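Keep in mind that the numbers below use all heavy atoms, side chains included, and drop hydrogens, waters and symmetry copies. A, B, ... follow the sequence lines: proteins, then strands. Residue 1 opens every chain. On a predicted model such as this, the values are computed, not experimentally measured, just so you know.
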2 protein chains.
Amino acid sequence: MPGYAPSEAARRSGFSLDTLRYYEKIGLLNEVGRSSSGRRVFTDDDLEWLVLFRCLRDTGMPIAEMCRYAELARAGEHTVGERQALLAQHAGRVEERMRLLQRQYDHLQAKIRFYDQHVRPR
Amino acid sequence: MPGYAPSEAARRSGFSLDTLRYYEKIGLLNEVGRSSSGRRVFTDDDLEWLVLFRCLRDTGMPIAEMCRYAELARAGEHTVGERQALLAQHAGRVEERMRLLQRQYDHLQAKIRFYDQHVRPR
DNA sequence: TTGCAACCTGGAGTGCACTCCAGTTCAAGT
DNA sequence: ACTTGAACTGGAGTGCACTCCAGGTTGCAA
(Lines give C-alpha, C1' and ligand atoms only; values in the text may rest on other atoms or scores of the structure.)
Protein backbone atom coordinates (compact mmCIF):
# COMPACT_ATOMS: atom_id res chain seq x y z
CA MET A 1 0.00 0.00 0.00
CA PRO A 2 2.10 2.82 -1.21
CA GLY A 3 -0.15 5.91 -1.09
CA TYR A 4 0.32 8.75 -3.52
CA ALA A 5 1.01 12.42 -3.01
CA PRO A 6 -1.51 14.82 -4.57
CA SER A 7 0.84 15.70 -7.41
CA GLU A 8 1.36 12.02 -8.14
CA ALA A 9 -2.38 11.37 -8.10
CA ALA A 10 -2.85 14.29 -10.47
CA ARG A 11 -0.17 12.97 -12.80
CA ARG A 12 -1.61 9.48 -12.83
CA SER A 13 -5.25 10.48 -13.21
CA GLY A 14 -4.80 13.41 -15.53
CA PHE A 15 -6.88 15.66 -13.29
CA SER A 16 -5.44 18.88 -11.94
CA LEU A 17 -4.76 19.28 -8.22
CA ASP A 18 -7.60 21.76 -8.03
CA THR A 19 -9.93 19.31 -9.71
CA LEU A 20 -8.97 16.56 -7.27
CA ARG A 21 -9.70 18.84 -4.34
CA TYR A 22 -12.92 19.95 -6.02
CA TYR A 23 -14.08 16.35 -6.55
CA GLU A 24 -13.45 15.63 -2.91
CA LYS A 25 -15.16 18.80 -1.75
CA ILE A 26 -18.39 18.04 -3.63
CA GLY A 27 -18.36 14.47 -2.38
CA LEU A 28 -17.68 12.81 -5.70
CA LEU A 29 -14.45 11.37 -4.42
CA ASN A 30 -14.63 9.90 -0.96
CA GLU A 31 -12.75 11.69 1.78
CA VAL A 32 -9.12 11.12 0.98
CA GLY A 33 -6.80 9.97 3.78
CA ARG A 34 -4.33 12.38 5.31
CA SER A 35 -0.77 12.22 6.50
CA SER A 36 0.08 13.31 10.04
CA SER A 37 0.58 16.85 8.81
CA GLY A 38 -2.76 16.96 7.04
CA ARG A 39 -1.65 16.31 3.48
CA ARG A 40 -3.71 14.07 1.25
CA VAL A 41 -2.52 10.55 0.63
CA PHE A 42 -4.30 8.87 -2.25
CA THR A 43 -4.71 5.10 -2.19
CA ASP A 44 -4.85 2.72 -5.13
CA ASP A 45 -8.57 2.57 -4.57
CA ASP A 46 -8.83 6.36 -4.88
CA LEU A 47 -6.85 6.10 -8.10
CA GLU A 48 -9.23 3.49 -9.47
CA TRP A 49 -12.14 5.79 -8.77
CA LEU A 50 -10.35 8.57 -10.59
CA VAL A 51 -9.83 6.33 -13.59
CA LEU A 52 -13.55 5.63 -13.64
CA PHE A 53 -14.38 9.33 -13.30
CA ARG A 54 -12.10 10.06 -16.22
CA CYS A 55 -13.90 7.46 -18.30
CA LEU A 56 -17.30 8.85 -17.38
CA ARG A 57 -16.26 12.44 -17.85
CA ASP A 58 -14.65 11.76 -21.23
CA THR A 59 -17.86 10.13 -22.34
CA GLY A 60 -19.83 13.19 -21.27
CA MET A 61 -21.49 12.16 -18.04
CA PRO A 62 -22.45 15.19 -15.96
CA ILE A 63 -20.86 15.43 -12.54
CA ALA A 64 -24.23 15.19 -10.78
CA GLU A 65 -24.70 11.74 -12.27
CA MET A 66 -21.22 10.64 -11.28
CA CYS A 67 -22.07 11.76 -7.75
CA ARG A 68 -25.19 9.64 -7.88
CA TYR A 69 -23.14 6.63 -8.93
CA ALA A 70 -20.58 7.23 -6.19
CA GLU A 71 -23.33 7.52 -3.59
CA LEU A 72 -24.83 4.24 -4.72
CA ALA A 73 -21.44 2.57 -4.43
CA ARG A 74 -20.99 3.95 -0.92
CA ALA A 75 -24.46 2.73 0.02
CA GLY A 76 -23.35 -0.88 -0.31
CA GLU A 77 -23.59 -4.02 -2.33
CA HIS A 78 -27.36 -3.98 -2.63
CA THR A 79 -27.10 -1.14 -5.16
CA VAL A 80 -25.15 -3.05 -7.80
CA GLY A 81 -28.22 -3.46 -9.97
CA GLU A 82 -28.99 0.24 -9.91
CA ARG A 83 -25.36 1.08 -10.55
CA GLN A 84 -25.21 -1.20 -13.53
CA ALA A 85 -28.45 0.25 -14.89
CA LEU A 86 -27.05 3.74 -14.54
CA LEU A 87 -23.94 2.82 -16.48
CA ALA A 88 -25.93 0.97 -19.11
CA GLN A 89 -28.21 3.94 -19.65
CA HIS A 90 -25.18 6.17 -19.97
CA ALA A 91 -23.62 3.77 -22.46
CA GLY A 92 -26.76 4.02 -24.55
CA ARG A 93 -26.49 7.78 -24.65
CA VAL A 94 -22.83 7.49 -25.55
CA GLU A 95 -23.69 5.24 -28.48
CA GLU A 96 -26.14 7.86 -29.69
CA ARG A 97 -23.52 10.56 -29.37
CA MET A 98 -21.01 8.43 -31.26
CA ARG A 99 -23.45 7.96 -34.11
CA LEU A 100 -24.17 11.68 -34.28
CA LEU A 101 -20.48 12.48 -34.10
CA GLN A 102 -19.76 10.06 -36.93
CA ARG A 103 -22.53 11.54 -39.03
CA GLN A 104 -21.37 15.10 -38.54
CA TYR A 105 -17.79 14.05 -39.11
CA ASP A 106 -18.85 12.65 -42.47
CA HIS A 107 -20.52 15.96 -43.30
CA LEU A 108 -17.36 17.74 -42.36
CA GLN A 109 -15.25 15.51 -44.58
CA ALA A 110 -17.66 16.07 -47.46
CA LYS A 111 -17.30 19.81 -46.96
CA ILE A 112 -13.52 19.55 -46.95
CA ARG A 113 -13.52 17.45 -50.12
CA PHE A 114 -15.87 19.96 -51.70
CA TYR A 115 -13.24 22.63 -51.13
CA ASP A 116 -10.75 20.54 -53.09
CA GLN A 117 -12.63 21.39 -56.26
CA HIS A 118 -12.04 25.08 -55.60
CA VAL A 119 -8.64 25.08 -53.99
CA ARG A 120 -7.15 22.96 -56.72
CA PRO A 121 -9.71 23.21 -59.49
CA ARG A 122 -10.27 20.28 -61.85
CA MET B 1 -36.74 32.46 -52.75
CA PRO B 2 -39.20 31.75 -50.02
CA GLY B 3 -37.68 33.24 -46.89
CA TYR B 4 -38.35 31.71 -43.51
CA ALA B 5 -39.83 33.17 -40.34
CA PRO B 6 -37.66 32.90 -37.22
CA SER B 7 -39.73 30.06 -35.80
CA GLU B 8 -39.39 28.17 -39.07
CA ALA B 9 -35.64 28.73 -39.16
CA ALA B 10 -35.43 27.48 -35.58
CA ARG B 11 -37.43 24.39 -36.45
CA ARG B 12 -35.33 23.59 -39.50
CA SER B 13 -31.96 24.24 -37.90
CA GLY B 14 -32.66 22.84 -34.48
CA PHE B 15 -31.39 26.00 -32.80
CA SER B 16 -33.62 27.95 -30.45
CA LEU B 17 -34.87 31.41 -31.38
CA ASP B 18 -32.65 32.87 -28.72
CA THR B 19 -29.66 31.04 -30.11
CA LEU B 20 -30.37 32.32 -33.62
CA ARG B 21 -30.52 35.88 -32.33
CA TYR B 22 -27.40 35.25 -30.27
CA TYR B 23 -25.49 33.91 -33.27
CA GLU B 24 -26.44 36.98 -35.24
CA LYS B 25 -25.57 39.34 -32.40
CA ILE B 26 -22.04 37.99 -32.03
CA GLY B 27 -21.53 38.10 -35.78
CA LEU B 28 -21.41 34.37 -36.34
CA LEU B 29 -24.42 34.51 -38.58
CA ASN B 30 -24.42 37.35 -41.07
CA GLU B 31 -27.01 40.07 -40.55
CA VAL B 32 -30.30 38.44 -41.38
CA GLY B 33 -32.69 40.29 -43.70
CA ARG B 34 -35.76 41.96 -42.29
CA SER B 35 -39.36 42.36 -43.35
CA SER B 36 -40.85 45.86 -43.62
CA SER B 37 -41.87 45.65 -39.99
CA GLY B 38 -38.40 44.65 -38.81
CA ARG B 39 -38.89 40.93 -38.42
CA ARG B 40 -36.18 38.56 -39.49
CA VAL B 41 -36.54 36.70 -42.76
CA PHE B 42 -34.07 33.83 -43.12
CA THR B 43 -32.93 32.85 -46.61
CA ASP B 44 -31.91 29.42 -47.84
CA ASP B 45 -28.36 30.63 -47.61
CA ASP B 46 -28.82 31.50 -43.93
CA LEU B 47 -30.24 28.04 -43.40
CA GLU B 48 -27.23 26.44 -45.07
CA TRP B 49 -24.95 28.34 -42.73
CA LEU B 50 -26.98 27.11 -39.79
CA VAL B 51 -26.61 23.53 -40.98
CA LEU B 52 -22.86 24.02 -41.09
CA PHE B 53 -22.83 25.58 -37.62
CA ARG B 54 -24.78 22.63 -36.32
CA CYS B 55 -22.23 20.26 -37.81
CA LEU B 56 -19.33 22.20 -36.32
CA ARG B 57 -20.99 22.62 -32.97
CA ASP B 58 -21.93 18.94 -32.73
CA THR B 59 -18.33 18.06 -33.43
CA GLY B 60 -17.18 20.34 -30.64
CA MET B 61 -15.83 23.39 -32.41
CA PRO B 62 -15.81 26.42 -30.11
CA ILE B 63 -17.88 29.39 -31.22
CA ALA B 64 -14.82 31.60 -31.54
CA GLU B 65 -13.45 29.30 -34.22
CA MET B 66 -16.74 29.20 -36.07
CA CYS B 67 -16.65 33.01 -36.05
CA ARG B 68 -13.18 32.88 -37.53
CA TYR B 69 -14.42 30.61 -40.29
CA ALA B 70 -17.41 32.84 -40.99
CA GLU B 71 -15.17 35.89 -41.17
CA LEU B 72 -12.90 34.17 -43.65
CA ALA B 73 -15.88 33.28 -45.80
CA ARG B 74 -17.10 36.87 -45.70
CA ALA B 75 -13.64 38.09 -46.65
CA GLY B 76 -13.93 36.51 -50.08
CA GLU B 77 -12.77 33.72 -52.33
CA HIS B 78 -9.09 34.20 -51.64
CA THR B 79 -9.55 32.64 -48.22
CA VAL B 80 -10.68 29.21 -49.42
CA GLY B 81 -7.32 27.67 -48.65
CA GLU B 82 -7.32 28.97 -45.10
CA ARG B 83 -10.92 27.91 -44.62
CA GLN B 84 -10.18 24.41 -45.80
CA ALA B 85 -7.15 24.21 -43.55
CA LEU B 86 -9.25 25.30 -40.59
CA LEU B 87 -11.82 22.59 -41.26
CA ALA B 88 -9.13 19.98 -41.85
CA GLN B 89 -7.45 20.81 -38.57
CA HIS B 90 -10.78 20.57 -36.83
CA ALA B 91 -11.47 17.22 -38.49
CA GLY B 92 -8.15 15.98 -37.12
CA ARG B 93 -9.16 16.93 -33.62
CA VAL B 94 -12.53 15.27 -34.12
CA GLU B 95 -10.83 12.03 -35.15
CA GLU B 96 -8.80 12.16 -31.99
CA ARG B 97 -11.92 12.73 -29.92
CA MET B 98 -13.66 9.84 -31.66
CA ARG B 99 -10.78 7.54 -30.83
CA LEU B 100 -10.81 8.62 -27.18
CA LEU B 101 -14.56 8.27 -27.02
CA GLN B 102 -14.38 4.76 -28.47
CA ARG B 103 -11.67 3.81 -26.02
CA GLN B 104 -13.58 5.08 -23.02
CA TYR B 105 -16.77 3.52 -24.32
CA ASP B 106 -14.98 0.17 -24.38
CA HIS B 107 -13.89 0.70 -20.78
CA LEU B 108 -17.45 1.48 -19.87
CA GLN B 109 -18.72 -1.69 -21.52
CA ALA B 110 -16.08 -3.71 -19.73
CA LYS B 111 -17.24 -2.23 -16.44
CA ILE B 112 -20.84 -3.05 -17.23
CA ARG B 113 -19.97 -6.62 -18.16
CA PHE B 114 -17.97 -6.87 -14.96
CA TYR B 115 -21.12 -6.08 -13.02
CA ASP B 116 -22.84 -9.02 -14.70
CA GLN B 117 -20.73 -11.36 -12.59
CA HIS B 118 -22.13 -9.76 -9.47
CA VAL B 119 -25.66 -8.95 -10.47
CA ARG B 120 -26.33 -12.44 -11.69
CA PRO B 121 -23.52 -14.44 -10.09
CA ARG B 122 -22.23 -17.52 -11.83
C1' DT C 1 18.87 27.20 9.39
C1' DT C 2 17.39 28.58 5.69
C1' DG C 3 15.31 28.34 1.46
C1' DC C 4 11.88 26.60 -1.38
C1' DA C 5 8.54 23.74 -3.50
C1' DA C 6 4.51 21.28 -2.43
C1' DC C 7 0.65 21.41 0.13
C1' DC C 8 -3.35 23.31 2.91
C1' DT C 9 -8.10 26.18 3.38
C1' DG C 10 -12.29 28.91 2.15
C1' DG C 11 -14.02 31.44 -1.04
C1' DA C 12 -14.09 34.26 -5.18
C1' DG C 13 -13.63 34.36 -10.16
C1' DT C 14 -13.68 32.51 -14.97
C1' DG C 15 -15.22 30.96 -19.58
C1' DC C 16 -18.45 29.15 -22.35
C1' DA C 17 -22.76 28.99 -24.54
C1' DC C 18 -26.59 30.03 -24.14
C1' DT C 19 -31.34 31.35 -21.84
C1' DC C 20 -34.49 34.33 -19.81
C1' DC C 21 -36.80 38.67 -18.98
C1' DA C 22 -39.49 43.03 -19.34
C1' DG C 23 -41.54 45.90 -22.00
C1' DT C 24 -43.04 46.92 -26.70
C1' DT C 25 -44.73 46.31 -31.54
C1' DC C 26 -47.03 44.28 -35.17
C1' DA C 27 -50.07 41.16 -38.29
C1' DA C 28 -53.75 38.50 -38.73
C1' DG C 29 -57.86 36.14 -37.46
C1' DT C 30 -62.97 36.55 -35.26
C1' DA D 1 -62.36 46.83 -32.98
C1' DC D 2 -60.14 43.55 -30.36
C1' DT D 3 -57.49 39.75 -29.03
C1' DT D 4 -53.82 36.73 -29.62
C1' DG D 5 -49.39 35.22 -30.56
C1' DA D 6 -45.12 35.75 -32.74
C1' DA D 7 -41.50 38.74 -32.97
C1' DC D 8 -38.57 42.71 -31.47
C1' DT D 9 -34.68 44.97 -28.18
C1' DG D 10 -30.96 45.39 -24.61
C1' DG D 11 -29.34 43.49 -20.98
C1' DA D 12 -29.30 40.44 -16.99
C1' DG D 13 -29.06 35.73 -15.35
C1' DT D 14 -27.95 30.69 -15.51
C1' DG D 15 -25.48 26.24 -15.22
C1' DC D 16 -21.58 23.75 -15.54
C1' DA D 17 -17.05 22.54 -14.38
C1' DC D 18 -13.62 23.99 -13.01
C1' DT D 19 -9.62 27.46 -11.85
C1' DC D 20 -7.44 30.88 -9.27
C1' DC D 21 -6.18 33.38 -5.18
C1' DA D 22 -4.40 34.92 -0.63
C1' DG D 23 -2.47 33.74 3.25
C1' DG D 24 -0.63 30.19 5.86
C1' DT D 25 1.90 25.25 6.89
C1' DT D 26 5.26 21.65 6.19
C1' DG D 27 9.05 18.50 4.50
C1' DC D 28 13.31 18.18 2.71
C1' DA D 29 17.76 19.45 0.51
C1' DA D 30 21.91 22.32 0.65
Side-chain angles (χ1 to χ4, degrees), chain A residues 2-43 46-47 49-50 52-70 90 93 97 100 104, chain B residues 2-43 46-47 49-50 52-70 90 93 97 100 104:
Chain A
Y4 309 98
S7 58
E8 181 68 8
R11 202 185 57 71
R12 292 191 182 227
S13 67
F15 290 114
S16 74
L17 289 167
D18 271 322
T19 298
L20 293 180
R21 286 193 275 261
Y22 168 68
Y23 282 179
E24 190 183 350
K25 180 152 56 179
I26 64 174
L28 176 54
L29 196 58
N30 234 323
E31 294 251 318
V32 176
R34 302 304 179 105
S35 72
S36 56
S37 62
R39 297 180 173 200
R40 287 176 184 78
V41 180
F42 291 80
T43 64
D46 293 330
L47 263 292
W49 273 101
L50 289 173
L52 175 61
F53 293 151
R54 174 142 294 282
C55 169
L56 297 179
R57 194 190 84 159
D58 285 349
T59 51
M61 183 184 281
I63 282 186
E65 205 171 330
M66 290 197 245
C67 284
R68 169 109 186 96
Y69 180 86
H90 177 60
R93 287 191 303 257
R97 284 240 336 287
L100 174 62
Q104 297 291 37
Chain B
Y4 309 98
S7 58
E8 181 67 8
R11 201 185 58 72
R12 292 190 182 230
S13 67
F15 291 115
S16 75
L17 288 166
D18 271 323
T19 299
L20 293 180
R21 286 193 276 260
Y22 168 67
Y23 281 179
E24 189 182 352
K25 179 151 61 179
I26 62 173
L28 176 55
L29 196 58
N30 234 324
E31 295 251 318
V32 176
R34 300 304 179 105
S35 72
S36 57
S37 63
R39 297 178 173 202
R40 287 176 182 78
V41 179
F42 291 80
T43 64
D46 292 329
L47 263 291
W49 273 100
L50 290 174
L52 176 62
F53 293 150
R54 175 144 290 285
C55 168
L56 296 178
R57 194 190 82 158
D58 286 350
T59 52
M61 182 184 282
I63 281 188
E65 204 170 331
M66 291 198 243
C67 284
R68 170 109 187 95
Y69 180 87
H90 176 61
R93 286 191 303 256
R97 284 239 337 286
L100 174 62
Q104 298 290 37

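Summarising the geometry, the separation between CZ on A:R11 and P on C:dA6 is reported as 14 Å, rounded to the nearest angstrom. The distance from atom CD1 of B:I63 to atom C1' of C:dC18 is 8 Å, rounded to the nearest whole Å. Distance, B:E24 CD to C:dA17 P: 19 Å, rounded to whole Å. Between the CG atom of B:D18 and the P atom of D:dC8 there is a distance of 11 Å, given to the nearest Å. Across the protein-nucleic acid pair, A:I26 atom CD1 and C:dG11 atom P stand 17 Å apart, rounded to whole Å. As a whole-Å value, the separation of A:E65 CD from D:dG15 C1' is 16 Å. For the pair B:K25 NZ and C:dC20 P, the computed distance is 14 Å after rounding to whole Å. A:L20 places its CG atom 14 Å from the C1' atom of D:dA17, with the value rounded to the nearest Å.
If you take SG on B:C67 and OH on B:Y23, they are separated by 9.5 Å, rounding to the nearest 0.5 Å. Taking CH2 from A:W49 and OG1 from A:T43, the interatomic distance works out to 11.5 Å, rounded to the nearest 0.5 Å. In this structure, B:E65 CD and B:L28 CG are separated by 12.0 Å, a value rounded to the nearest 0.5 Å.
Taking the nucleotide of DNA chain C with the nearest heavy atom to each of A:A5 and B:F15, the more 5' of the two is matched to A:A5. Along DNA chain C, the nucleotide closest to B:R57 and the one closest to B:S35 are compared, and the more 5′ of them pairs with B:R57. Each of B:S37 and A:T19 lies near DNA chain D, and the nucleotide nearest B:S37 is the one positioned closer to the 5' end.
The existence of a salt bridge linking A:E24 and A:R21 is excluded, since no basic side-chain nitrogen approaches an acidic carboxylate oxygen closer than 4.0 Å.
Considering only the side chain of A:R40, C:dC8 comes nearest among C:dC8, D:dT19, C:dT19. Each of D:dC18, C:dT25, D:dT26 was ranked by its minimum atom distance to the side chain of A:Y23; first place goes to D:dC18. In the set D:dA7, C:dT9, C:dC18, D:dA7 carries the atom at the smallest distance from any side-chain atom of B:L17. Minimum atom distance to the side chain of B:S7 is reached by D:dA6, of the listed D:dG27, D:dC18, D:dA6. Side-chain proximity of B:R39 to the nucleotides D:dA7, C:dA6, C:dT19 is greatest for D:dA7.
The phosphate of C:dT9 has neither OP1 nor OP2 within less than 4.0 Å of any side-chain N or O from A:R21.
Here the side chains of A:Q104 and B:R57 are not in contact, with every heavy-atom distance at 4.5 Å or above.
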